[in-house]
2 protein chains.
Amino acid sequence: MAKRSHAHPHIQASSPSESKRDILRSAQRVLAILELIARTPGGLTVRAVSKLLQLNISTCYHSLNTLLTAGYVERLPSGHYVLGPQIPYLNDAYLRTLTHDWPATDPQESWQAVARVPAHRPSLSQRLRPILHSLSERSQEPAYLAGWRYGEVELQAIVEPAHAERIPGIYIGYRGQAHAHALGKVLLAYSSPAFVEDYLARHALIRLTQRTIVERTLLCEELHTIAHQGYSIDREELHADTACLAAPVRDAQGRVMAAIAISFRSDLLSRRGEWLIAQVLRAARQASAELRLSRPCEQC
Amino acid sequence: MAKRSHAHPHIQASSPSESKRDILRSAQRVLAILELIARTPGGLTVRAVSKLLQLNISTCYHSLNTLLTAGYVERLPSGHYVLGPQIPYLNDAYLRTLTHDWPATDPQESWQAVARVPAHRPSLSQRLRPILHSLSERSQEPAYLAGWRYGEVELQAIVEPAHAERIPGIYIGYRGQAHAHALGKVLLAYSSPAFVEDYLARHALIRLTQRTIVERTLLCEELHTIAHQGYSIDREELHADTACLAAPVRDAQGRVMAAIAISFRSDLLSRRGEWLIAQVLRAARQASAELRLSRPCEQC
DNA sequence: GATTGCGATTTCATTATTTGAAATACCGTC
DNA sequence: GACGGTATTTCAAATAATGAAATCGCAATC
C-alpha cells in the first residue's frame, strides 16, 4: 500500500528501524500496550509496561490513561492494568459478524463475494448449533464448527459438554494453523488445488507438536487421503494429548461450506476411534441435509 | 485524575469542546473508529468513517491503516472495514482473567482484594459449569452465572441448550444494568446496605422496558423481598418478552459469591414458573455445596 | 472508447500533539 | 521519620498528525 516514495524533505533520520508510513505511531503503541497487557495474566503497572516495551514512562502513562478512559483496560487498586469491559463488548460485535454465510473456498477470490452477502441472515453456526449440540452430547466431547473467512479457516462455533474442556488456546474466531488441525485439513482437502497452492504460499507449516505435518508434500498426500476417505484426523498435530476428527458440510450445490469436528484425549482414538468417526460423519451429514433445505440464498 | 491545572502557556484555544488532558488524541480517535465499526454490521468505508465521525478523510485513512496492520479491523475487497481477528484474540485473554475467584460484594472496597488474588486458580465459572449445564439441560433454557467484578455485576458464564437463544445484547463479560435483571437484583439483594447505597450512587436506574424498576425506593423494596424469598424474578425488566430467575450461590462462609439464573419467554412464567424456580434454587444449592468442599482458598 | 463520478490514496507544509527528563507526590515499609 | 519504589505532573523541544488538495483507480455511463 504505502509507496515509500522519495524521502521526506523533513528529517526522518531519527526513527531507528524502518518505521512504516501510513501508521499512527501513538495509536500503534497504544495497541501494542493493549496486547502486552493481554499476554500478562496478572496485569502490568505503568512502570512494567514502560520497561517491557522500552518506552518512556510518561508515554505509557498517557497511553494507559487513554485505554482506561475508553474502557479497554481497567486499573486495579494495586496499580496493575488488566483488560477492560470494552474487550468483550467488541467481541460480541465480532461474533455478530459471523452471522454471514460464506461462499466456500475455491479460488482465493471467492471470499470477495463476502462483501456482497447481506448482513443478518441466519448464520451457519446458528443453524447448525443443534447438530453440534447433539454431537457433543452423544460423544461427550467438545464439538466445533469452522468455515472459510477471508481465505482463512476460522473457528466459528464451539459446543462443550458438561465436563470435557476445549483445546486450550482455541476460541471462537481463532484462525490459522489449518495444516495442524482436523478442521483445517478437511477444509483444505476439499478446496481447489489452486487455492491450496495459494494457501500454502501464504502460510508456513509451523511445527506445533512432534506430530505436526510440516512437509509440504506430506501435507498434500494427507489432503488427498482425506478427500478420499471423507473425514480428517488430527493425531496430536495441534496439541499434545489431543486428537480431533472432522468432516465436511456441504451446501445444496455440493460445495463444502464448513466442517464439523470433535476433540478428545488422543488415547481414545484407538479404543473409540471408529465410533467417534461415525458420530462426526453423521453430524456432518445432518448438517448438509439442513443446508439443503430452505436455503435463504441470495446469489443463486 | 487529570488535574487540569493552570492553562498551558501554549495555545490550546483551537480545541472545540473541553478536550481532556492526559489522553493521546490520535489513539483515542483510533479507538473511537474501532467502536464505530463495531456498531456497524456491514462495515464502513474510509469515507463513511470520515463523514460519521466528522474527521478528515486522511486521518481516517491513517487510523484505519493502523488498525488494519494490527489486526483490529479487516478490509473487505469492497473497501469496507469490519472487525478483525485481534478482537476475539483479546477476548480470549479477557476470558482467562475471569479465572479468578472474587471476594463477594460488600463495602465497595472489598473488590480491591482482587489485586491480591493469585491468578490461575480454578474459576467459579469453571467449577460451576457442570451445574449450569444440567440446569440448562433440565429447563431447556439458557443458564447464566454472574459475580462481582470491580464493583460491578459481571456475567461470567452462559450455557445455552440446543434450541433456546440467550437474551440478545447479553454476552460473557457484560456488566451493568444490575437493577434490571434477575442476576443483578439477587446479587444486590444480598449486598450490604452500604454497598447498595454506593452502587446506586454510581448508577442511574435506566429504563430498558416498560417494566424496568426505575424508582429507587421500589428497587429497595424489591431487594428486600428478594433477600427474604431467596431468589429474584425479572419480569421483562431487561428485555421485552423475556423473564429471568436467579438465586444466590454462597461460599463456605455463607457469603454470596455469585448468582445462577435462567432466562425464558416470559409467558412461561405463569405456567412453569414454580417449577423453574425450583430448578434454579436447586442449581444454586448444588453450586453452594460445590463451593463448600475443597476450597483452594488463599486468604483463609 | 471516452467520460464522468465516486471514493481511495498520496502529498506536503503547517501546527498541534506527543515526548522525555526531571521534579514532585504518593504510599507502604523499615 | 526516612527510604524505596511508583505514579503523576510539568514544560519546552521536536516529532508526528492534520487537512486541503492533487492524483489515482475503477466502474458505470454516455
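Every heavy atom of this structure was used, including side-chain atoms; hydrogens, water molecules and symmetry mates were not. Chain naming here is simple, since letters A, B, ... match the order of the sequence lines and numbering starts at 1 in each.
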Note to self: Please report the distance, rounded to the nearest Å, between CD1 in A:I23 and P in C:dT9.
What the structure shows: 13 Å
Item checked: side chain to side chain contact (heavy atoms under 4.5 Å, CB included) between A:I57 and A:V49, worked out -> CA-CA 8 Å; A:I57 190 167; A:V49 170; over 6 Å; no
Check: With nearest nucleotides of DNA chain D determined for A:V46 and A:A27 from heavy-atom distances, which residue corresponds to the more 5′ nucleotide?
Finding: A:V46
Check: Is any side-chain N or O of A:T45 closer than 4.0 Å to OP1 or OP2 of D:dA7?
Finding: yes
Margin query: Looking at A:R47, I'd like to know whether one of its side-chain N or O atoms comes within less than 4.0 Å of OP1 or OP2 on D:dG4.
Written below: no
Next item on the list: Not counting sequence neighbours, list each pair that qualifies as a salt bridge (Lys or Arg N to Asp or Glu O under 4.0 Å) and has a residue in residues 41-61 of chain A.
Entry: none
Checklist line | Interatomic distance where CD belongs to A:Q28 and C1' belongs to D:dT15 [whole Å] | finding: 15 Å
Next item on the list: Figure out the CG/P separation between B:N65 and D:dA17, and round it to whole Å.
Entry: 13 Å
N/O to N/O distances under 3.5 Å, protein versus nucleotides 25-30 of chain C:
none

Checklist line | Residues in side chain to side chain donor-acceptor pair (under 3.5 Å) contact with A:Y81, at least two apart in sequence or another chain | finding: none
Margin query: Strictly by salt bridge (Lys or Arg N to Asp or Glu O under 4.0 Å), give each pair with a member in residues 78-92 of chain A just once, sequence neighbours left out.
Written below: A:D92-A:R96
Next item on the list: Quick one: list whatever passes ring-ring contact (aromatic ring centres under 6.0 Å, His included) with A:Y174, sequence neighbours left out.
Entry: A:Y171
Notebook entry, point to check: Nearest to the side chain of B:S26, which nucleotide is it out of C:dT18, D:dT8, D:dT6?
Noted result: C:dT18
Margin query: Using whole Å, what does the distance between atom C1' of nucleotide C:dT9 and atom CG of A:D22 come to?
Written below: 8 Å
Notebook entry, point to check: Taking atom CD1 of B:I37 and atom OH of B:Y72, what is their separation to the nearest 0.5 Å?
Noted result: 13.5 Å
Margin query: Run the salt bridge (Lys or Arg N to Asp or Glu O under 4.0 Å) test against B:R216 and tell me which residues pass, sequence neighbours left out.
Written below: B:E197
Check: Atom CG of B:L52 to atom P of C:dG7: distance rounded to whole Å?
Finding: 13 Å
Item checked: Length of the line joining A:L44:CG and D:dA7:P, which is rounded to integer Å -> 11 Å
Checklist line | Listed partners of A:R250 passing salt bridge (Lys or Arg N to Asp or Glu O under 4.0 Å), at least two apart | finding: none
Next item on the list: Whole angstrom is fine here: how far is it from CG in A:L76 over to P in D:dT6?
Entry: 16 Å
Next item on the list: Kindly write out the residues that satisfy ring-ring contact (aromatic ring centres under 6.0 Å, His included) with A:Y199, not counting sequence neighbours, or none if the list is empty.
Entry: A:H203
Next item on the list: Ignoring backbone atoms, test whether B:R25 places a side-chain nitrogen or oxygen under 4.0 Å from the OP1 or OP2 oxygen of C:dT15.
Entry: no
Item checked: Residue met sooner reading DNA chain D from 5', once B:S63 and A:K51 are mapped to nucleotides -> A:K51
Just the atom pairs and distances: protein N or O near nucleotides 20-23 of chain C's N or O, under 3.5 Å.
unit_1, atom_1, unit_2, atom_2, d
C:dG20, OP2, A:T59, OG1, 3.2
C:dG20, N7, A:S58, OG, 3.2
C:dA21, OP2, A:N56, ND2, 3.4

Next item on the list: Please report, rounded to the nearest Å, how far the C1' atom of D:dT15 is from the CG atom of B:L24.
Entry: 13 Å
